[in-house]
Amino acid sequence: MDVDLEILPGLSDRRAVVGWMVLAFLLTFLVTRLVTRAIRTGRGPFRDASIGGVHVHHEVYGIFLLLGTGTLEFTYRPEPPWVQVLAVLFGAGAALTLDEFALWLHLEDVYWSRQGRSSIDAVLVALVVGGLLLVGANPFDADDADSEVVLWATVAVNLLFALAAILKGRVVLGVVGVFVPLVALVGAVRLARPGSFWAHRRYRPGSRRRARSEARFPAGRRTRWDALVDLFTEVPPRHAAPAAAPPTRPG
């Protein structure tokens with residue numbers, strides 16, 4: 001018997017699956033941040049997991065979920081409601097993995113450090129992509145295209161613009177631009193951030209473009225994106241373990 005698990009009425013089957021995936025991703029990320037904060041501050045029943053004295057990060061569970069759901073999807077191609085179940089598990093696994101993106105980027109535990117902000121960047125970018133897929137933005141959908149050659153040529157040019165935007169340090173514009181061509185073009189033609197790969201390769205020290213870039217993006221400049229990331233990266237004080245009681249002397 002088929003079970004209707006659509007989140008919103010009127011969504012196509014494909015977008016409904018994306019909806020379940022995005023919802024699971026968002027909820028898992030929020031719950032994970034609450035749990036890790038509780039562990040750090042010593043509140044609640046939560047504790048760090050360890051095996052043989054080795055701390056097991058939650059990205060490990062996420063990686064296994066991604067591997068398992070991917071294998072099941074490609075092997076069995078399940079029908080509803082199991083495809084929605086796999087979407088939920090995949091979204092949860094992706095959230096657990098990307099929440100520790102900074103750890104596998106820097107190969108060290110930087111979860112609560114400044115470098116750990118890149119995990120939030122990765123999560124928010126993934127949510128942007130999921131949201132765009134949910135509303136139906138898909139640059140690779142050839143169903144309505146008159147010519148596949150024209151379609152793929154357009155996609156290739158748009159991806160080049162999106163890549164240029166990302167290399168200029170405008171990651172959000174680049175990612176959104178994959179789905180919205182005009183955004184990719186805007187990101188590609190705008191000035192690169194001084195710390196970006198593009199600026200290091202194309203803006204020579206002392207050049208006018210380098211000076212313009214540094215004036216446009218001075219050190220310490222904050223954006224609305226930084227304010228959004230701040231909502232999840234405030235570092236709570238570390239919970240201090242209770243000191244062991246001194247040994248008693250025999251009476």
Side-chain angles (χ1 to χ4, degrees), residues 18 21-34 36-37 40 58-59 62 91 94-106 109-139 158-203 209-236:
V18 173
M21 183 172 61
V22 172
L23 180 61
F25 182 95
L26 177 60
L27 291 178
T28 302
F29 167 68
L30 294 176
V31 170
T32 300
R33 281 281 153 172
L34 288 174
T36 54
R37 182 175 292 270
R40 183 175 176 89
H58 50 268
E59 67 174 338
L96 291 171
T97 304
L98 286 180
D99 185 56
E100 295 198 307
F101 170 78
L103 276 71
W104 42 276
L105 178 64
H106 296 277
D109 192 349
V110 293
Y111 192 82
W112 294 113
S113 69
R114 177 71 183 179
Q115 293 91 335
R117 293 173 64 89
S118 58
S119 293
I120 307 301
D121 290 330
V123 166
L124 294 179
V125 167
L127 282 173
V128 169
V129 172
L132 290 169
L133 290 173
L134 185 59
V135 299
N138 186 354
N158 185 58
L159 288 177
L160 288 177
F161 285 143
L163 178 62
I166 293 172
L167 293 178
K168 285 187 171 185
R170 299 179 175 275
V171 177
V172 178
L173 287 180
V175 171
V176 174
V178 173
F179 301 87
V180 186
L182 182 60
V183 175
L185 178 60
V186 170
V189 300
R190 295 188 69 182
L191 196 64
R193 297 177 183 271
S196 66
F197 177 85
W198 188 283
H200 284 305
R201 301 285 294 186
R202 303 295 299 273
Y203 297 173
R209 284 186 176 180
R210 167 68 70 173
R212 286 177 56 205
S213 177
E214 292 175 348
R216 177 70 175 81
F217 302 100
R221 178 181 179 271
R222 295 179 56 77
T223 64
R224 293 186 181 92
W225 183 265
D226 294 320
L228 181 60
V229 173
D230 286 344
L231 296 176
F232 304 98
T233 55
E234 179 186 358
V235 180

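Position 1 is the first residue of the sequence; numbering continues from there. Predicted model, so just to flag it, every value in this text is computed and none were measured.
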Keeping the roles fixed (side chain from Ser213, backbone from Arg209), state whether a donor-acceptor pair exists under 3.5 Å.
no
Please tabulate, for the side chains in residues 165-173, all donor-acceptor contacts under 3.5 angstrom to protein atoms that are two or more places apart in sequence or on a different chain.
residue : atom : partner : partner atom : Å
Lys168  : NZ   : Ala188  : O            : 2.5
Lys168  : NZ   : Arg190  : O            : 2.8
Arg170  : NE   : Leu191  : O            : 3.0
Arg170  : NH2  : Leu191  : O            : 3.1

Check whether the side chains of Asp226 and Thr223 place a donor and an acceptor atom closer than 3.5 Å, and report yes or no.
yes
Exercise: identify the closest heavy-atom pair between Phe232 and Leu30
CE2-CD2, 3.8 Å
Separation between CZ (Arg193) and NE2 (His200), nearest 0.5 Å, reads 13.0 Å
Report the distance from atom CD1 of Ile120 to atom CG of Leu127, rounding to the nearest 0.5 Å.
10.5 Å
Is a side-chain donor or acceptor of Gln115 paired with a backbone partner of Val110 at a separation under 3.5 angstrom?
no
Does Arg202 have more than 12 heavy atoms from other residues, nucleotides or ligands lying within 6.0 Å of its CZ?
no
By side chain to side chain donor-acceptor pair (under 3.5 Å), Thr233 pairs with (sequence neighbours left out) Arg117
Working to the nearest 0.5 angstrom, can you tell me the gap between Leu96 CG and Phe29 CZ?
11.0 Å
Taking Tyr203 for the side chain and Arg212 for the main chain, is one N or O donor matched with an acceptor at less than 3.5 Å?
no
So, taking the atom named CG in Leu98 and the one named CD in Glu59, what distance separates them when rounded to the nearest 0.5 Å?
10.0 Å
Show the nearest heavy-atom pair for residues Gly130 and Val18, with the distance to one decimal.
O-CG1, 3.9 Å
Quick one about Tyr111 and Ser119 (side-chain donor to acceptor, distance below 3.5 Å, no hydrogens or angles considered), yes or no?
no
Just by distance, do the side chain of Asn158 and the backbone of Gly177 share a donor-acceptor pair under 3.5 Å?
yes
Let's go through Phe179 and Leu133 carefully: what are the C-alpha distance in whole Å and the side-chain angles of both, what is the deciding distance for side-chain contact (heavy atoms from CB on, under 4.5 Å) to 0.1 Å, and is it a yes or a no?
CA-CA 9 Å; Phe179 301 87; Leu133 290 173; 3.7 Å; yes
What residues form a salt bridge (charged side-chain N to carboxylate O under 4.0 Å, His left out) with Arg33, not counting sequence neighbours?
Asp99
For Thr97 and Trp104, the nearest pair of non-hydrogen atoms, with its separation, is O-NE1, 3.2 Å
Result of checking Val128, Leu182, Val129, Val186 against Val176 for side-chain contact (heavy atoms from CB on, under 4.5 Å)
Val128
How long is the straight-line distance from CG of Leu103 back to CZ of Phe101, given to the nearest 0.5 Å?
11.0 Å
To the nearest 0.5 Å, what is the distance between OG on Ser196 and CZ on Phe217?
8.5 Å
Answer yes or no: are there more than 12 heavy-atom neighbours, outside Arg221 itself, under 6.0 Å from its atom CZ?
yes
